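Below is one structure, written out as C-alpha cells; comments come after it.
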Amino acid sequence: MSMSYNLIDDLKKVQGIIVVSVGRANDNNFVVNESTVSSHHAKFIITDNSIVLEDLNSSNGTFVNGNRIQKTNIQITDTIFLGKRFEFKPEYLNKYISVNSYDGDGKKGKSDLINKSIITIGRSSENDLVIDNIKVSRFHARVINQSGNWVIEDLNSSNGTFVNGKKIKRKPINNSDTILIGGIPLKLSHLFTSPKLMNTELKLSGNNLSLIVDGGKTIVDDVSVTIFPGEFVGLIGPAGAGKTSLMMMLNGVVKPTYGDVLINNQSLYANYAGFKGQIGYVPQDDIIHRELKVKESLFYTGKLRLENASDERIKSQVDDLMRSLSIQTAADTLIGSPEKKGISGGQRKRVNMGQELLTEPSILFLDEPTSGLDPKTDLDVMHLLKGIADKGKIVVLTTHNITEENFNILTHIVVLANNGKLAFFGTTKEAMAYFNVAKPYEIFTELSKQDSDYWKNKFKDSHFYLDYVLDRKMSLTHEVVPGANGSKRNFGFAQYLTLLKRYAKVKLRDKMSTAILLLQAPIIALLIALFFKGDENRHAAIFILTISAIWFGCSNAAREIVNEQSIYKRERMVNLKIPSYILSKVTILALLCVIQCLILSCIAIPSHNLAGSFFSVFCNLLTTTIASLMLGLFVSSISKTSEAAMSILPIVLIPQIIAAGFVITFNKLGDFLQIIAGFTISRWAFEAAELHQNDAFFITNMLGFNLNNVTTDYIMLALFALVFFALTAFVLKSKDIK
C-alpha cells in the first residue's frame with residue numbers, strides 16, 4: 001500500500017476554490033496504490049473557510065471518524081479512511097490549506113503559525129491555539145522555534161503538559177512525538193493545520209481485550225469495541241458476564257491481560273496520567289462525604305482537581321453544573337445518608353455524577369447509575385446522561401434495568417454472554433432484530449438458550465461485526481508511545497490546605513463521633529485518678545497514662561482512611577497527592593490529640609503529684625499519642641473495612657501493655673525480649689515518662705531503665721512516627737493503578 005503526490009497542476013482553482021482528487025488512477029492529485037480504493041475515490045473541496053470531503057460513488061466508501069459519508073465538512077483533526085484499509089491523513093492537504101489560510105472559523109492568517117517563533121496554547125482566546133476545556137489552563141503551554149527545531153514548554157499549567165507519556169517542563173519535540181494537553185492528544189503538525197478553536201472530541205477503542213485472573217479463569221474474552229463521540233452505550237449481560245471488568249479496562253482502572261485501549265490512536269495505558277482529566281468514572285456506590293453540603297462537596301472537588309483555577313472560576317463552574325443537574329435547590333442542604341436525613345437518593349446520584357462532570361470529561365463511565373432509584377428518577381437520570389452524550393461526549397454505563405424506555409434512550413448496546421464473550425455490539429434497534437425479541441429484557445432469555453461460544457461465533461459471522469468492530473477499529477491506528485506512564489505527585493501545599501479545610505468541616509459536622517473521642521480523655525483521666533490514689537500507685541498511674549495516650553492516637557486514626565477509601569481511590573485516580581492527603585489527616589487528628597493530652601495532664605498532674613513541669617508531662621503524652629496516631633493511620637491503610645481496623649487494634653495495643661516494662665519490669669525481660677520490646681512505642685514512651693519523675697532508685701533498680709535515655713526515648717518516638725508515616729504512604733501508593 002502506498003500513496004504518491006501527482007505533480008500535475010490542473011487543480012480546479014476558481015474564485016479561491018481548490019479541488020483535490022484522491023484515488024487509484026494516475027490522473028488524481030493523490031494516487032493511492034491500494035485495492036480497496038476506487039480509481040476516482042473522493043475529492044476535497046477547499047475554500048477560504050472550509051474543507052469539504054465528497055465521496056465519488058466509491059465501491060468501498062469514504063469514512064470520517066468511523067461514519068460512512070457522501071459529502072461532509074471536515075476538520076483537520078478528523079480521521080479519514082478511504083475504503084477499509086487506507087487512512088488519508090488530513091495533513092496531506094497542508095500544501096493547499098496554506099494557500100487558502102484556512103482556520104476553520106472563516107478567518108485568515110492561520111497558516112502564518114508555521115512562520116511564528118512562538119505558538120501559545122491554552123483556554124484563553126488570546127492564544128494562537130484555543131482548547132476550550134476546563135482542564136486546560138488559560139495559558140497552558142507554548143511551542144518555540146529555535147533555529148528550525150521546535151521545543152514545547154509548560155507554562156505552570158494546572159494539569160501539566162505531557163510528551164510521550166511523561167510530564168514535562170520543557171522538551172524538544174518533532175512530529176513523531178505525542179503531546180497531551182488537558183487530555184487532548186496532539187502532534188506537532190496539528191499546531192499548524194488545526195483551526196484556532198481545536199476539536200477536542202475523543203474516540204475510544206478497546207482492542208482485543210482479555211482479562212484472565214489467577215487460576216486461569218477468563219473474565220473477559222477477546223472483546224473489541226470502538227465508541228465515537230455522541231454515543232450513549234449500554235453494557236449489558238447476565239450476572240457475572242464481566243460487564244464491570246470490561247468497563248474497568250476501558251477506563252484504565254484495570255489493565256487487561258491482553259489487548260489495549262486507545263483514545264484517538266494513543267494507548268491509554270502508556271499515557272494514563274495525561275488522559276486522567278478526560279475520563280470520568282462514577283461507581284455504583286455514592287462516593288461523597290455525607291457531612292458536607294451539596295455545594296461544598298462540589299467546590300472541594302473542584303479545588304482538588306483544578307488546583308490553579310480561582311475560587312470564583314470554580315464556584316461559577318459549580319453553579320452551572322448544579323443547574324444542569326437540576327440540584328441547585330439543594331445547594332445548601334447536607335448530603336446526608338439514608339440513615340441520616342439529607343438530600344434524596346436521586347439527588348445523591350446526581351451529586352455523585354457531578355463530582356466527575358465538574359471537570360468536563362470527554363468520556364464518562366457509570367456503573368449501575370440508576371440502581372435503587374424510583375422509575376421516574378431512573379428515567380430522569382437516563383435523559384440527563386443522554387443529554388451529556390449529545391454534547392459530543394462518550395457515555396458508557398452498565399445496567400440491569402433495561403426497560404423499554406431506558407433501552408430506547410441508549411444509542412448503542414454492548415451485550416456480553418457468559419465468560420465475557422462479545423455477543424453483540426450495535427444500535428439498540430439493531431439489537432432487537434438481531435436477537436429477534438419484542439422486549440429488551442428478552443435478550444437475557446435468548447442468551448440463556450445457547451452457550452457463550454455460540455453467541456461469540458454468531459456475532460463474528462454477522463455483518464454487525466464488520467460494521468461495528470472491524471470497520472470502526474480501522475478508524476484508529478495503534479501508536480505505542482514510549483516512556484514512563486504517569487508523573488510524580490509529591491507534597492502540594494495548596495492541595496493540603498483544601499484537604500485540611502474539607503476534613504476539618506467533616507469532623508466538625510460529625511458531632512457525635514467527635515464528641516465521643518473528646519469525652520474519652522476526661523473519663524479515663526478521672527478513672528485513673530479514682531483507682532490509682534496515693535504515692536504508692538504513682539508509677540502505675542504513669543503506666544496507664546502512657547497506655548491511654550497510645551490508645552487515643554490509635555483509636556482516633558484507625559478508621560480515618562479505610563472509612564473513605566472509595567473517595568481516596570476516586571481522587572487518587574485524578575491528581576490526589578499522598579503526602580498532602582496523609583498530612584491533612586495528621587493535622588486535624590493531632591489537634592484532637594492535643595486536646596486529649598491537655599485534659600489528661602490537667603487531671604493527672606494534681607491527682608498523682610507527678611514530678612516535672614506541666615509542659616514536660618504534656619509533651620511526653622503528646623509525643624506518645626502522635627507516634628500512636630501514625631500507627632493508627634497505618635492500621636487504617638491496610639484494613640479492608642472499618643470493622644477490620646477496630647479488630648486489629650487489640651492486636652496492636654496488647655503488645656504495648658506487655659512490653660512497656662511495667663507489667664513485667666524491663667530488667668526482667670532478658671536481652672532478646674528487650675530487643676523485641678524496642679519495637680513497641682510503649683517501651684520508649686513509658687521510660688521517658690518515668691525519667692521525668694526524679695525517682696532514680698525505682699527507675700534503675702526496680703524497672704531497669706537508663707537514666708540517660710531521655711533524648712534517645714524522644715528520638716525513638718519521632719522515628720516511630722516517621723516510619724509509620726512512610727509505611728502508610730507506601731501502602732496507599734501500592735494501591736495505585738499499575
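Just so you know, residue 1 is the first one in the sequence shown, and it goes up from there. All values below were derived from every heavy atom in this structure, side-chain atoms included, with hydrogens, water molecules and symmetry-related copies excluded. Since this is a predicted model, take the numbers as computed values, not measurements.
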- Note on the structure: d(L364 CG, Y281 OH) to nearest 0.5 Å is 11.0 Å
- Closest contact, heavy atoms only, G354 versus L321: O-CD2, 3.3 Å
- Item | R348 side chain vs I343 backbone, donor-acceptor pair below 3.5 Å | yes
- Considering residues, nucleotides and ligands other than K507, do more than 12 of their heavy atoms fall under 6.0 Å from its NZ? yes
- Item | L576 side chain reached by Y568 side chain, heavy atoms, under 4.5 Å | yes
Would you be so kind as to tabulate the donor-acceptor pairs closer than 3.5 Å made by side chains of residues 237-246, with sequence neighbours excluded?
from: K243; atom 1: NZ; to: G237; atom 2: O; distance (Å): 3.2
from: K243; atom 1: NZ; to: P238; atom 2: O; distance (Å): 3.1

- Looking at side-chain heavy atoms only, is the closest gap between I184 and K135 below 4.5 Å? no
- Task: Compare all side-chain heavy atoms of V351 with those of M322 and state whether any distance is below 4.5 angstrom.
- Result: no
- Message: Show the nearest heavy-atom pair for residues K167 and G160, with the distance to one decimal.
- Response: CE-CA, 3.6 Å
- Query: Are the charged groups of E356 and R305 less than 4.0 angstrom apart, N to O?
  - Reply: yes
- Residues K501, E296; criterion salt bridge (Lys or Arg N to Asp or Glu O under 4.0 Å); working and verdict: CA-CA 11 Å; K501 292 174 185 176; E296 291 172 344; over 6 Å; no
- Query: Can you list every pair that meets salt bridge (Lys or Arg N to Asp or Glu O under 4.0 Å) and has a residue in residues 417-428, with sequence neighbours left out?
  - Reply: D221-K421, K421-D453
- Decide side chain to side chain contact (heavy atoms under 4.5 Å, CB included) for Q495 and L304; before the verdict, give the C-alpha distance in whole Å, the side-chain angles of both, and the deciding distance to 0.1 Å. CA-CA 6 Å; Q495 190 175 96; L304 289 173; 3.5 Å; yes
- To the nearest 0.5 Å, what is the distance between CG (L202) and CG (L262)? 12.0 Å
- Decide, yes or no, whether a salt bridge links D380 with K376 under the criterion of side-chain N to carboxylate O below 4.0 Å. yes
- Message: Check whether S210 reaches the backbone of D222 with its side chain - one donor and one acceptor, N or O, closer than 3.5 Å.
- Response: yes
- Donor-acceptor contact below 3.5 Å, side chain R350 vs main chain L325: yes
- Show your reasoning for whether side chain to side chain contact (heavy atoms under 4.5 Å, CB included) applies to Q347 and T377. CA-CA 9 Å; Q347 288 173 322; T377 306; over 6 Å; no
- Task: Show the numbers, then the answer: is there a side chain to side chain contact (heavy atoms under 4.5 Å, CB included) between L385 and M353?
- Result: CA-CA 10 Å; L385 295 173; M353 284 190 284; 3.6 Å; yes
- Message: Is it the case that the side chain of E231 and the backbone of T411 share a donor-acceptor pair, with hydrogens and angles ignored and the cut-off at 3.5 Å?
- Response: no
- Message: Just so I know, are the side chains of V562 and S636 near enough to count as touching, which here means a heavy-atom distance under 4.5 Å?
- Response: yes
- Decide whether Q278 and S362 meet the rule of one side-chain donor and one side-chain acceptor closer than 3.5 Å. yes
- L306 versus I314, closest heavy-atom pair with distance: O-CD1, 3.9 Å
- Item | Side-chain heavy-atom pair F407, I413 within 4.5 angstrom cut-off | yes
- Taking S584 for the side chain and L500 for the main chain, is one N or O donor matched with an acceptor at less than 3.5 Å? no
- Value rounded to 0.5 Å, distance of CG in L334 from OG in S297: 11.0 Å
- Count the heavy atoms belonging to other residues, nucleotides or ligands that lie under 6.0 Å from CZ of F730, then report whether that count exceeds 12. no
- Drop me the distance from I409's CD1 to M382's CE, to the nearest 0.5 angstrom. 5.0 Å
- Task: Tell me, please, whether Y503 has K585 positioned over its six-membered ring: NZ or CZ under 6.0 Å from the ring centre and within 45 degrees of its axis?
- Result: yes
- List the steps, then state whether side chain to side chain contact (heavy atoms under 4.5 Å, CB included) holds for N418 with W455. CA-CA 10 Å; N418 287 323; W455 291 109; over 6 Å; no
- Query: Looking at side-chain heavy atoms only, is the closest gap between K505 and Y300 below 4.5 Å?
  - Reply: yes
- Message: So R472 and S205, do their side chains get closer than 4.5 Å, heavy atoms only?
- Response: no
- Any chance you could measure E430, atom CD, to H412, atom NE2, to the nearest 0.5 Å? 7.5 Å
- Note on the structure: Which of L447, D451, T445 passes side chain to side chain contact (heavy atoms under 4.5 Å, CB included) with K449? Answer is T445
Only pairs under 3.5 Å count here: list side-chain donor-acceptor contacts from residues 436-443, not counting sequence neighbours, and write none if there are none.
from: K439; atom 1: NZ; to: E404; atom 2: OE1; distance (Å): 3.0
from: E442; atom 1: OE1; to: A438; atom 2: N; distance (Å): 3.0
from: E442; atom 1: OE1; to: K439; atom 2: N; distance (Å): 3.3

- Relative to the ring of F459, is the ring of Y465 parallel (under 30°), tilted (30 to 60°) or perpendicular (over 60°)? perpendicular
- Task: Please report the closest heavy-atom contact between A504 and I588, naming both atoms and the distance.
- Result: CB-CD1, 3.7 Å
- Roughly how far, to the nearest 0.5 Å, is the CD1 atom of I335 from the CD1 atom of I288? 4.5 Å
- All ring-ring contact (aromatic ring centres under 6.0 Å, His included) counterparts of Y434, not counting sequence neighbours: F424, F464
- So, for R570 and P283, which heavy atoms are closest and what is the spacing to 0.1 Å? CZ-CD, 4.4 Å
- Query: Is any side-chain heavy atom of V396 less than 4.5 Å from a side-chain heavy atom of N251?
  - Reply: no
- Answer yes or no: does atom CZ of R559 have more than 12 heavy-atom neighbours from other residues, nucleotides or ligands under 6.0 Å? no
- Message: Considering only residues two or more places apart or on different chains, which pairs with a residue in residues 383-400 satisfy side-chain hydrogen bond (donor to acceptor under 3.5 Å, both in side chains)?
- Response: D367-T398, E368-H400, K386-D390
- Message: Tell me the closest heavy-atom pair linking P229 and G392, and the distance in Å.
- Response: CB-O, 3.3 Å
- Is a side-chain donor-acceptor pair under 3.5 Å present for D378 with N406? yes
- Residues passing the ring-ring contact (aromatic ring centres under 6.0 Å, His included) test with F365, sequence neighbours excluded, are none
- Item | salt bridge (Lys or Arg N to Asp or Glu O under 4.0 Å) evaluation trace for K458 with E446 | CA-CA 13 Å; K458 179 184 177 182; E446 292 301 311; over 6 Å; no
